[in-house]
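All remarks here apply to the structure that follows.
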Amino acid sequence: MRAIRPDVDSSPWIATTCNDPVLRSCLDSIAAHNGTMPQALCITGLSGSGATTLMHRIAGRARRLGKRVLLLDDAPFPGNKYLHAKLLQCLGVGASSSIPCYDGLSTLCAGILELRQYDVLIMEDVQRYKDVEGRGVEPNMATLVAIAHLQRPPLIILSGLTDGVEYHHARFVDAGIPSELKVLQPMKLGDDYDALVGDICRAYSLGEDFLATLDILEVYRESHGRIGLTVRVIQWLELQVRAIARASQSKIYQQLFVENERDEYSDDGIGDPPPATRV
């Protein structure tokens, strides 16, 4: 049985990130959208900008507003380079297919979308629908434009890497569909970033002691100020701390520590080390 990812991301939302204004802007657009006109919001950023968490947060908040949401997530499956196949898979009515739909929407798919009348369609990693071989790009765009031209079109919110998102944004504009481009910016090193690191540690219950040991400058160097990467770097560092703490309780680790200490004394020509002490 295929594992189904939850529609709403379980990651904590850090309100002090620079992605929060984008979230609020999207929620305002969702609240204002009445399905009478097509509209698209195109969100882009560098890898690790936190777009996946943002999209799942948008989906969850939209549902709380009472909106019907269809989320085309980034979970892989056979044939998911074709938007129509991904659409059928997420609707729960079609088997995986590696065949594109050159008519935009099949009668079955269009009928289901018209019947369910989704308020919001959210798409992750849209670059996958552009970076396909052969003639796959045009059927994918035909599917997306057909969705925007439904009798009651949903608000389309998509995210991905810059090249793919800008391509979709341009195609929307060419098709006469109002589209707004939003860019997730990295944070600058400073007080706001320091506060973000603290909020991440508290949101993930990593503890004040761990926070006190963090070299925030090093975290910034590794993450380049990108929200998603900052979270990953901090989580990785915390895993290292826990792994070292557990290893230090191991008799094997203690023996290796003693042997390493003895080797260092020998290499330095100091002579015999002091009596071994347990770590």
| query | Just by modelled atom types, is the Glu218 backbone N or O under 3.5 Å from a matching donor or acceptor in the Asp215 side chain? | reply | yes
| query | Would you call Asp119 and Arg63 a salt bridge, taking side-chain N to carboxylate O under 4.0 Å as the test? | reply | no
| field | Joint hydrophobic cluster, Leu41 plus Leu27, side-chain heavy atoms closer than 4.5 Å | value | yes
| request: Would you list the pairs meeting salt bridge (Lys or Arg N to Asp or Glu O under 4.0 Å) in which at least one residue belongs to residues 156-168, sequence neighbours left out? | output: Lys130-Asp163
| Residues Leu121, Ile147; criterion side-chain contact (heavy atoms from CB on, under 4.5 Å); working and verdict | CA-CA 9 Å; Leu121 173 69; Ile147 293 172; 3.8 Å; yes
| field | Flag, side chain of Thr213 to backbone of Phe210, donor-acceptor distance under 3.5 Å | value | yes
| remark: Note: with side-chain heavy atoms under 4.5 Å as the link, the other cluster members for Met37 come out as none
Quick one: side chains of residues 181-189, donor-acceptor pairs under 3.5 Å with protein atoms, not counting sequence neighbours, listed by atom name and distance.
| unit_1 | atom_1 | unit_2 | atom_2 | d |
| --- | --- | --- | --- | --- |
| Lys182 | NZ | Ser25 | OG | 2.7 |
| Lys182 | NZ | Glu180 | OE2 | 2.9 |

| task | Could you tell me whether a side-chain N or O of Thr44 sits under 3.5 Å from a main-chain N or O of Gly160, the two making a donor and an acceptor? | result | yes
| Any chain of hydrophobic side-chain contacts (each under 4.5 Å) joining Leu46 to Leu54? | no
| field | Leu91 side, atom CG; Leu113 side, atom CG - distance, nearest 0.5 Å | value | 5.5 Å
| Which value, rounded to the nearest 0.5 Å, describes the distance between Asp192 atom CG and Leu196 atom CG? | 9.0 Å
| message | Strictly distance-based, threshold 3.5 Å: is any side-chain N or O of Asp199 a donor or acceptor partner for the main-chain N or O of Asp194? | response | no
| request: Side-chain contact test, heavy atoms from C-beta onward, threshold under 4.5 Å: evaluate it for Cys18 versus Val22 and give yes or no. | output: no
| field | For Met123 against Met55, the heavy-atom pair lying closest together | value | O-CE, 3.4 Å
| Taking only residues two or more places apart in sequence, or in another chain, which ones meet Arg61 in a salt bridge (Lys or Arg N to Asp or Glu O under 4.0 Å)? | none
| task | Please report the closest heavy-atom contact between Leu158 and Val126, naming both atoms and the distance. | result | CB-CG1, 3.5 Å
| task | Could you list all the side chain to side chain donor-acceptor pair (under 3.5 Å) pairs where at least one residue sits in residues 168-179, not counting sequence neighbours? | result | Glu138-Arg171, Tyr167-Arg171, His169-Ser179
| message | Quick test of your reading of the model: are Asp28 and Arg24 salt-bridged, counting only N-O distances below 4.0 Å? | response | no
Listing, residues 228-239 side-chain donor-acceptor contacts under 3.5 Å, not counting sequence neighbours, or none:
| unit_1 | atom_1 | unit_2 | atom_2 | d |
| --- | --- | --- | --- | --- |
| Thr230 | OG1 | Tyr193 | OH | 2.8 |
| Thr230 | OG1 | Ser223 | OG | 3.1 |
| Thr230 | OG1 | Arg226 | O | 2.8 |
| Glu238 | OE1 | Arg242 | NE | 3.1 |
| Glu238 | OE1 | Arg242 | NH2 | 3.4 |
| Glu238 | OE2 | Arg242 | NE | 2.9 |

| Residue pair Ser47 / Leu161: nearest heavy atoms and the distance that separates them | N-CD2, 3.9 Å
| query | Would Leu155 end up clustered with Val173 when hydrophobic side chains under 4.5 Å apart are linked, directly or stepwise? | reply | no
| query | Applying the 4.5 Å side-chain criterion to the ILVMFWY set and letting contacts propagate, would Val241 and Leu217 be lumped into a single cluster? | reply | yes
| Tyr129 and Lys86: CA distance, side-chain angles, deciding distance, side-chain contact (heavy atoms from CB on, under 4.5 Å) verdict | CA-CA 10 Å; Tyr129 303 117; Lys86 182 66 175 179; 3.2 Å; yes
| query | Considering all heavy atoms of both residues, which atom of Pro38 and which atom of Pro178 are nearest to each other, and what is their separation? | reply | O-CD, 3.4 Å
| message | Please find the pair of heavy atoms, one from Cys201 and one from Leu211, that lie closest to each other, and give the distance. | response | SG-CD1, 3.8 Å
